[in-house]
Amino acid sequence: MLEESRDTFESWFLQAFDVAAKAVWTSYYNPTLSRLMELLPASLLKSFDPQLSNVLKLLKFAETCAMHYEKHGNTTSHPVIFDSLQRLTNDQKTVESMDILVAGADTTASTLTAAILHILPAQHIREQLVDSLKKIDFDEKGRLVLSELEKIDYLVACVKESLRIGLAVPGRLPRVVPDDPSSPLIVDGKRVPPGTVVSMSAYTMHFNEKIWGLDAREFNPSRWLTPDAKKLDQYLCTFSKGPRMCIGQNVATAEVTIVLGYLFKSFHLSLPPNFERPKMADLFTLEYSKPGVHVNFKSVI
Ligand code: HEM
């Protein structure tokens with residue numbers, strides 16, 4: 001993917017995400033249209049919108065991954081997701097593969113964009129982060145070890161604050177109230193009938209001043225370093241909560257920790273003088289307008 005374009009991060013893979021993301025609200029609010037599209041053959045769909053061919057290519061890619069496992073089994077030295085999906089039909093395996101590809105890419109990228117956007121203009125935060133990273137060194141293979149990075153409190157605080165303010169999935173996540181008389185859903189003293197669709201959002205939770213204080217909308221990693229900061233963890237719902245919460249949350253947190261650690265240890269990063277903040281749009285995941293965030297890199301070594 002990185003090799004596809006020399007000067008930009010454009011790739012068919014990411015274009016497929018853009019098209020799929022834009023279709024999310026159509027399928028939410030116009031389920032009949034999205035059901036109709038499911039019935040149409042791929043060739044016809046492509047003639048409606050040529051960009052859809054990248055989504056179909058992504059689906060094909062997911063199918064190839066699932067079929068590769070079917071034919072060869074696990075060819076790696078570690079467990080893979082398909083080991084746990086053996087009860088599913090081939091179509092279901094393809095959809096699960098697609099789910100993981102889509103769920104894990106833009107969300108993590110969006111969180112890192114938020115981190116860069118907030119850390120670079122705030123000199124005191126940037127300097128404190130760079131300073132905190134002096135506690136560790138690259139290993140003999142030039143890598144930063146995750147378990148060592150996780151011991152750097154200020155980096156961990158920056159990661160948590162990026163997950164909070166970046167809220168890569170900002171909107172409401174619907175749930176159906178179960179029919180369980182032993183544990184009815186009571187809100188403000190009123191019983192919500194079973195079958196009702198209810199939802200809450202990371203957006204309302206993460207900007208609630210009663211929880212985070214008057215600076216709820218500011219990027220302030222230090223809020224995670226106070227003596228009673230542990231209690232804030234329960235209000236961080238970037239990955240949702242409960243049985244359907246994100247299965248990739250540990251991978252995502254590790255990725256953000258490693259990338260921030262690596263970037264701020266290896267480079268002097270700065271925003272160009274004519275920098276303009278990209279616009280944000282809630283397309284189920286939080287997307288930033290093109291061309292994204294341009295950053296000046298200067299090697300530390
Ligand atoms: C910062 C990065 C990420 C964020 C903010 C995020 C957020 C979320 C949220 C809020 C949900 C719940 C959706 C709902 O309740 O309807 C979810 C589900 C999911 N996420 Fe993530 N995610 C991230 C990274 C990842 C990664 C790296 C993977 C895979 C490697 C992943 C795989 C999944 C899957 C498969 C689900 C569906 C789980 C289910 O329905 O049981 N996510 N994610």
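Counting all heavy atoms, side chain and backbone alike, Arg223 lies closest to Ala229 at O-CB, 3.5 Å. Heavy-atom minimum distance, Pro278 versus Leu117: CD-CD2, 4.1 Å. Among all heavy-atom pairs drawn from Ala168 and Thr111, the shortest one is CB-OG1, 3.7 Å. Leu163 approaches His206 most closely through the heavy-atom pair O-CE1, 4.0 Å. Considering all non-hydrogen atoms of both residues, Thr257 and Thr253 come closest at OG1-O, 2.6 Å. Leu260 and Ser162 get closest at one heavy-atom pair: CD1-OG, 4.4 Å.
Looking at Asn74, its side chain does come within 3.5 Å of a backbone N or O of His78 through a donor-acceptor pair. Between the side chain of Glu127 and the backbone N or O of His124, no donor-acceptor pair lies under 3.5 Å. Remark: side-chain polar atoms of Asp83 are paired, donor with acceptor, to backbone N or O of Val80 under 3.5 angstrom. Judged purely by atom type and a 3.5 angstrom limit, Thr226 has no side-chain atom pairing as donor or acceptor with the backbone of Ser222. A distance-only check finds no donor-acceptor pair linking the side chain of Ser97 to the backbone of Ala66 [under 3.5 Å].
Remark: Glu161 CD to Asn220 CG distance equals 6.0 Å, nearest 0.5 Å. The structure places OH of Tyr288 at 14.0 Å from NZ of Lys279, a figure rounded to the nearest 0.5 Å. Between the CG atom in Leu167 and the CG atom in Leu236 there is a gap of 9.5 Å [rounded to 0.5 Å]. Note: Asn30 CG to Arg35 CZ = 10.0 Å, rounded to the nearest 0.5 Å. To the nearest 0.5 Å, atom CD of residue Glu148 and atom CZ of residue Arg143 are 12.5 Å apart. Atom OG of residue Ser110 and atom CG of residue Leu286 lie 4.5 Å apart, to the nearest 0.5 angstrom.
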(message) Please evaluate residues Lys93 and Gln86 with respect to the criterion side chain to side chain contact (heavy atoms under 4.5 Å, CB included), reporting the C-alpha separation (whole Å), side-chain torsions for both, the decisive distance (0.1 Å), and the verdict.
(response) CA-CA 8 Å; Lys93 282 181 199 159; Gln86 285 316 290; 3.9 Å; yes
(message) Show, in sequence, the C-alpha distance, side-chain angles and deciding distance for Leu144 and Ile258, and conclude whether the side chain to side chain contact (heavy atoms under 4.5 Å, CB included) test is met.
(response) CA-CA 7 Å; Leu144 292 172; Ile258 291 171; 5.8 Å; no
(message) Working note: Leu232 + Trp224, criterion side chain to side chain contact (heavy atoms under 4.5 Å, CB included); need CA distance, chi angles, decisive distance, verdict.
(response) CA-CA 8 Å; Leu232 291 178; Trp224 297 99; 3.6 Å; yes
(message) Under the criterion side chain to side chain contact (heavy atoms under 4.5 Å, CB included), I'd like the reasoning laid out for Arg164 against Phe207: C-alpha separation, chi angles, the key distance, then a yes or no.
(response) CA-CA 9 Å; Arg164 183 186 75 85; Phe207 293 136; 4.3 Å; yes
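Taking the six-membered ring for Trp and thresholds of 30 and 60 degrees, His118 and Phe219 have nearly parallel ring planes, at less than 30 degrees apart.
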Residues 262-277, side-chain donor-acceptor partners within the protein, below 3.5 Å, at least two apart:
residue : atom : partner : partner atom : Å
Lys265  : NZ   : Leu133  : O            : 3.0
Lys265  : NZ   : Ile136  : O            : 2.9
Ser266  : OG   : Tyr262  : O            : 2.7

Show which side-chain atoms of residues 186-202 pair as donor or acceptor with protein atoms under 3.5 Å away, not counting sequence neighbours.
residue : atom : partner : partner atom : Å
Thr196  : OG1  : Pro193  : O            : 2.5
Ser201  : OG   : Thr204  : N            : 3.1
Ser201  : OG   : Thr204  : OG1          : 2.9

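For the pair Lys160/Asp233, a side-chain contact is recorded, criterion being any heavy-atom separation below 4.5 Å from C-beta on. Inter-residue side-chain proximity for Pro221 and Ile125 is flagged as met; some heavy-atom pair is nearer than 4.5 Å.
Criterion: ILVMFWY side-chain heavy atoms under 4.5 Å apart, direct or through other members. Under it, Leu283 and Leu173 are part of a common hydrophobic cluster.
For Phe61, the CZ atom sits in a loose shell: 12 or fewer heavy atoms of surrounding residues, nucleotides or ligands are nearer than 6.0 Å.
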